[in-house]
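The structure appears below as structure tokens.
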Amino acid sequence: MGMVKRVKILTLVHVLAATWQQIILAEFVDMDALWTDIKATIWSEKFWFPKNLSWESLENKDDGIYHPQLGDLSLALPMALFLSIFRICLERYLFSPIGRTLGLKEEKHIRIIHHEALEKAFRLHKTPCNGLVQGLAKQTDLSIRQVERWFRGRRKLEKPSVLKKFVESGWRCTFYSAIFVYGMVMLLDKVWLWKPVNCWIGYPHHHVSNDIFWFYIIEIGYYISSLVLHFTDVRRKDFWELFIHHIITLLLLTFSWIQNMIRVGTLVLVIHDTVDPLVESAKMAKYCGKLVMCDVLFVVFASTWFITRLVIFPWRIVYSTLFLAHPIVGFCPGWYIYNGLLLTLQFLHIKWFLIICRVAVYAIRTGKTEDLRSETEENVSDDDNHVPVTQKSG
């Protein structure tokens, strides 16, 4: 009987194994078919192109017109690497020495005495509630006041130094200034700079010259670099909004490159690059204590932001993609993606302008220009020194 049971069990195991193998193979077949369907949908000509146009329309021929190709985007990766290395060198060997010469300090003046229990609690709750503070005070034999001071000092240690903020703004100011000048010089003789409707006339056979080609590659490389380094940069309150902004920008750049909608893409880039050198210059002036210069730059920045991102961008660029492109080029579902991304950018522009208005109101009331995107720094009191929770470090 024992042998018969073992045979039955082995037979059952073999049947189950065969059945499972068939299920797995069927799943692989289904997944392969699913992936084929997904690729067909992603690259569907009906989705991305109006009638009478296809991917073949973007193939290069011996007619003097260069259409951007998907493979060209591979150049953006080494460009991103180059810009990242160049940024590190520029920050370390140019802006850091300049900042130190101007008296900006890198090291913090607060040193926190290590408490294992407080460190564990800080990793879970950077701003503990009253109940947790009372419990930690009992656990560590410290007063409630000392525990609160320890957490304030510990939070301050994680805040970036003024020098770090200065060198980051220095890099961004340098890049945006250079790329803005490059973009404007490149576009001065282009017919679509003054009349956006020319972004669509003659589409898709728009020649991409070398200056436009490298302008796009540099911009894509920069946003790839910024996206990667975003998690090491100074963290601000709009951290995720800026992260979404970088992703949307990369998607727009990629889609417009693949479909040769480069003309409207150059306009979007130049409009966005206009205000960035101003805001970074204002920040650098503030970090250096040049408050009058900071205020002047802030006024110019706010005015330029309003004109470029709340007037020109929606009424010239977004209006063009929403209402002028379809009658000339034709309609396809892909327009929903482009217009959706552009409108999302416009939403971010409005949100950031509200922050700018808050800064302006704060400056008028107090006479100080503060970057409300930054977290408010806390002061650590030196009272109650019976237990050395914090120390001055010379």
I'd like to check Ile144 versus Glu148 (side-chain heavy atoms, cut-off strictly below 4.5 Å). Are they in contact? yes
So CD1 of Ile220 and CG of Leu83: to nearest 0.5 Å the spacing works out to 12.0 Å
_Grouping I, L, V, M, F, W and Y whenever their side-chain heavy atoms are under 4.5 Å apart, do Val299 and Ile364 come out in a common cluster?_
no
Determine whether more than 12 heavy atoms belonging to other residues, nucleotides or ligands lie under 6.0 Å from atom CZ of Arg92.
no
Exercise for review: Please check if the side chain of Lys190 supplies one atom and the backbone of Met186 the other of a donor-acceptor pair under 3.5 Å.
Suggested key: yes
Practice prompt. Give a yes or no answer on whether the side chain of Ser256 reaches the backbone of Leu253 with a donor-acceptor pair at less than 3.5 Å.
Written response: yes
message: Atom CZ of residue position Phe231 - does it have more than 12 heavy atoms of other residues, nucleotides or ligands inside 6.0 Å?
response: yes
On a heavy-atom basis, the closest approach of Gly170 and Phe95 is O-CZ, 3.2 Å
- Just by distance, do the side chain of Asp72 and the backbone of Gln69 share a donor-acceptor pair under 3.5 Å? yes
Between Gly221 and Met79 the two heavy atoms that sit nearest each other are CA-CG, 4.2 Å
TODO: Determine, step by step, whether Phe323 and Tyr319 satisfy the ring pair (Phe, Tyr, Trp, His ring centres under 6.0 Å) criterion, reporting the C-alpha distance in whole Å, the side-chain angles of both residues, the deciding distance to 0.1 Å, and the verdict.
DONE: CA-CA 6 Å; Phe323 302 108; Tyr319 178 84; 5.1 Å; yes
Under a single-linkage definition using a 4.5 Å side-chain heavy-atom cutoff for Ile, Leu, Val, Met, Phe, Trp and Tyr, are Leu348 and Leu310 assigned to the same hydrophobic cluster?
-> yes
- request: Would you please test Asp273 and Glu219 for side chain to side chain contact (heavy atoms under 4.5 Å, CB included) and show each step?
  value: CA-CA 10 Å; Asp273 293 338; Glu219 289 276 16; 2.6 Å; yes
request  = Decide whether Trp192 and Thr266 meet the rule of one side-chain donor and one side-chain acceptor closer than 3.5 Å.
outcome  = yes
Whether Phe243 and Trp240 hold their rings parallel, tilted or perpendicular, with breakpoints at 30° and 60°:
perpendicular
- Query: When the ring centroid of Tyr182 is compared with that of Trp214, is the distance short of 6.0 Å?
  - Reply: no
Hey, does the side chain of Ser177 reach the backbone of Thr174 with a donor-acceptor pair shorter than 3.5 angstrom? no
| task | Quick one: sort the Phe175 and Tyr222 rings into parallel, tilted or perpendicular, breaks at 30° and 60°. | result | parallel
Margin query: Would a single hydrophobic cluster contain both Ile328 and Val191, if residues Ile, Leu, Val, Met, Phe, Trp and Tyr are joined by side-chain heavy-atom contacts under 4.5 Å?
Written below: yes
One should read off an interatomic distance between Glu59 CD and Glu56 CD, to the nearest 0.5 angstrom, of 5.5 Å
The ring pair (Phe, Tyr, Trp, His ring centres under 6.0 Å) partner of Phe49 among Phe331, Trp55, Trp335, Tyr203 is Trp55
The reported gap from CD1 in Ile350 to CD1 in Ile356 (rounded to nearest 0.5 angstrom) is 12.0 Å
>> Measuring only between side-chain heavy atoms, which start at C-beta, is Leu269 closer than 4.5 Å to Phe215?
In response: yes
Any side-chain heavy atom of Leu267 sitting closer than 4.5 Å to one from Leu187? yes
Chi angles and distances behind the side chain to side chain contact (heavy atoms under 4.5 Å, CB included) call for Met284, Cys173: CA-CA 9 Å; Met284 294 174 71; Cys173 181; 4.2 Å; yes
### Query
Do His206 and Ile262 come close enough that some side-chain heavy atom pair is under 4.5 Å?
no
| task | Take atom CZ of Phe347 as the centre, draw a 6.0 Å sphere, and report whether it contains more than 12 heavy atoms from other residues, nucleotides or ligands. | result | no
If we ignore hydrogens and angles and just use 3.5 Å, is the side chain of Ser57 paired with the main-chain N or O of Ser54 as donor and acceptor? yes
Output for pair (Thr344 OG1, Ile244 CD1), nearest 0.5 Å, gives 9.0 Å
Scanning both residues in full, the closest heavy-atom pair of Arg263 with Ile201 reads NH1-O, 4.1 Å
Rounded to the nearest 0.5 angstrom, the OG1-CZ distance for Thr304 and Arg309 is 10.5 Å
Original post:
Hey, any chance Leu251 and Tyr336 share a hydrophobic cluster, counting ILVMFWY side chains that come within less than 4.5 Å of each other, even indirectly?
Top reply: yes
Next on the checklist: Is it the case that over 12 heavy atoms from other parts of the model lie below 6.0 angstrom from the CG atom of Asp63?
Outcome noted: yes
Plane angle bin for Phe313 and His349 - parallel if under 30°, tilted between 30 and 60°, otherwise perpendicular: perpendicular
- Task: State whether the side chain of Gln259 and the backbone N or O of Trp48 hold a donor-acceptor pair below 3.5 Å, judged by distance alone.
- Result: yes
According to a 4.5 Å side-chain heavy-atom criterion applied to Ile, Leu, Val, Met, Phe, Trp and Tyr, with indirect links allowed, do Leu297 and Trp171 form part of one hydrophobic cluster?
-> no
#### Entry: Short side-chain to backbone donor-acceptor contact, Arg172 and Asp276, under 3.5 Å
no
- Item | Donor-acceptor contact below 3.5 Å, side chain Thr232 vs main chain Leu229 | yes
Should Ser320 and Trp200 count as side-chain neighbours, where that means a heavy-atom distance under 4.5 Å?
yes
Notebook entry, point to check: Side chain of His205, backbone of His67: donor and acceptor closer than 3.5 Å?
Noted result: no
| task | Determine whether Leu242 and His246 make a side-chain contact, defined as any pair of heavy atoms from C-beta on separated by less than 4.5 Å. | result | yes
For atom OH of Tyr66, decide whether the heavy atoms of other residues, nucleotides or ligands shown that lie under 6.0 angstrom number more than 12. yes
Check: Quick one: does Leu193's side chain get under 4.5 Å of Val270's, heavy atoms only?
Finding: no
Q: Please state whether the rings of Tyr223 and His245 are parallel, tilted or perpendicular, taking 30° and 60° as the class boundaries.
A: tilted
### Whether Asn260 side chain and Pro204 backbone form a donor-acceptor pair below 3.5 Å
yes
- Item | Over 12 non-hydrogen atoms of neighbours within 6.0 angstrom of CG in Asn60 | yes
Do Leu341 and Phe255 have side chains that approach each other closer than 4.5 Å (heavy atoms only, starting at C-beta)? yes
NE2 of His272 to CD1 of Ile317, rounded to nearest 0.5 Å, is 10.0 Å
Residues at least two apart in sequence or cross-chain that pass ring-ring contact (aromatic ring centres under 6.0 Å, His included) with His207, listed by chain then number, are none
